[in-house]
Amino acid sequence: MKQIYLDHASTTPVRPEVVGAMLPYFTEQFGNPSSIYPLGQDASDAVADARAVLAGIIGAAPREVYFTSGGTESDNWAIKGFARANASKGRHIVTSAIEHHAVLHTCEALEKEGFEVTYVPVDEHGLVRPEDFAAAMRPDTILASIMFANNEIGTIEPVAELAAIAHEHGVVFHTDAVQAFAHEPIDVKAMGIDMLSASSHKIYGPKGVGLLYIRKGVKVQNFIDGGQQERGRRGSTENVPGIVGFAKAAELAQADMGPERDRQRELRDHAIRRILDEIPSAKLNGSWESRLANNVNFSFEFIEGEGMLLQLAARGICVSSGSACTSGSLDPSHVLLAIGLPHEIAHGSLRMTLGRDTTREDVDFAIDSLKTTLANLRMMSPLYEDFQQGKVASVIEQLKADGFPYAN
Ligand code: PLP
């Protein structure tokens, strides 16, 4: 059976050119970058070249880019490292309610160390309102961390505007750009970003490698004490093949970022329109205007997300749900709750994230399968029967009556 992979926000396949660039660094070019003989120096040069490429993509200086093991480590380093190094100036941090757990759990860990954290709410589209963000600033605020784009609903935050507000209050601004790096144009200097996290496996690079940009002058504690790697701030022998692959993937993404983004955006809009036109009791989650080009996220009423995913998986379609049920918890996603979805429809949510290899046929096949799946599930649902007989009210009908535009 053909697999249709529509879960690129989760991870991406490594591009063949990336594998090709990495391979020599496992075998003949296996040297340790800290060694002074040529084999080591070649590896050291490869790491330096990769750093320059990645820095260039976000308008940073190479010295401001540090390699890590991925997005989670970068978020931990930025937030814990900054908070601990600057605790004498204040112990308050501002973040949003819809951050990835790499940020949220890091902030919770800091709360246990005596820091205070404000979790700014978002609007119905998942956007942080600048006025709420400004209102969260206090005299003892030292750091704000707001994601560039949300991994579940794809909403792109007004990062430059938020960074400017943070700076007006003398607050350093970090962004988790794991979903946006090399997908969206980013210029850290023009946007006022002081620290930025990115990850290789979201951009068709290998897993287990990421970066943290730390603007020159921003004081952050070292993350791993050890050798002199990463200018003494993050010890451990460099993951040379991973770093080389990360840079190659970023370079390739950068080369056709505009056209590929336009292509995916068109497919995304086709998918959103088809679902809104053809599937009843459906609601688009996240902003349509300020949205990652590859993200489609819907809630469907009167079904269970888990049943939907299993039936789609049986048809070869790989997508993810908006609730954490599949990972053993019954709680719906904190992101869907933060945009105001009631529990019952947050449970019936679906995320499809398109990629470089996704075709219009793939999208159409997935939506045809989704239509059949939902019809089957609803046929078996006593609640749906009650709804059709007018015995229960629909949350989505109410949303539409209240003027929400992207629902059917
Ligand atoms: N932040 C966001 C927004 C993400 O989407 C992810 C991965 O899903 C991460 C952080 C964690 O990145 P990594 O898997 O590289 O640790």
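Residues: numbered from 1 along the sequence shown. For clarity, every value in this text was computed on a predicted model and none was experimentally measured. As the structure lists them, so they are numbered: ligands from 1, and atoms in each ligand from 1.
Checking side-chain atoms of Glu251 against main-chain N and O of Ala247 turns up no donor-acceptor pair under 3.5 Å.
For an aromatic pair to be called close, the ring centres must be under 6.0 Å apart, and Phe82 with Trp77 fails this.
In terms of protein heavy-atom proximity, atom 7 (C) of ligand 1 is closest to Lys202 NZ, 2.9 Å. Scanning the protein for heavy atoms near atom 15 (O) of ligand 1, the closest one is Ser199 OG, 2.6 Å. Atom 4 (C) of ligand 1 has its closest protein heavy atom at His100 CD2, 3.3 Å. Atom 5 (O) of ligand 1 has Gln179 NE2, 2.8 Å as its closest protein atom, hydrogens excluded (heavy atom only).
Counting heavy-atom neighbours within 6.0 Å of Arg138 CZ, excluding the residue itself, gives a total above 12.
Comparing Val209, Thr72, Asp75, Thr11 against atom 11 (C) of ligand 1, the shortest heavy-atom distance belongs to Thr72. Nearest residue to atom 1 (N) of ligand 1 from Val103, Asp176, Asn76 is Asp176 (criterion: closest heavy atom).
Below 3.5 Å of separation, one finds an N or O of Gly71 facing an N or O of ligand 1.
Between Asn376 atom CG and Met308 atom CE the span is 13.0 Å, to the nearest 0.5 Å.
Remark: Arg234 is not positioned above the aromatic ring of Phe223, lacking an NZ or CZ atom under 6.0 angstrom from the ring centre and at most 45 degrees off the axis.
For the residue pair Val18 and Tyr204, the shortest heavy atom distance occurs at CG2-O, 3.7 Å.
Residue contacts with ligand 1, taken as heavy atom pairs separated by less than 4.0 Å, involve His201 solely via side-chain atoms from C-beta onward. Residue contacts with ligand 1, taken as heavy atom pairs separated by less than 4.0 Å, involve Val178 solely via side-chain atoms from C-beta onward.
Ser197 pairs in a side-chain hydrogen bond (donor to acceptor under 3.5 Å, both in side chains) with only one of the listed residues (Thr72, Thr175, Asp176, Asp75), which is Asp75.
Near Gly70, the atoms of ligand 1 lying under 4.0 angstrom from a non-hydrogen atom of the residue are 15 (O).
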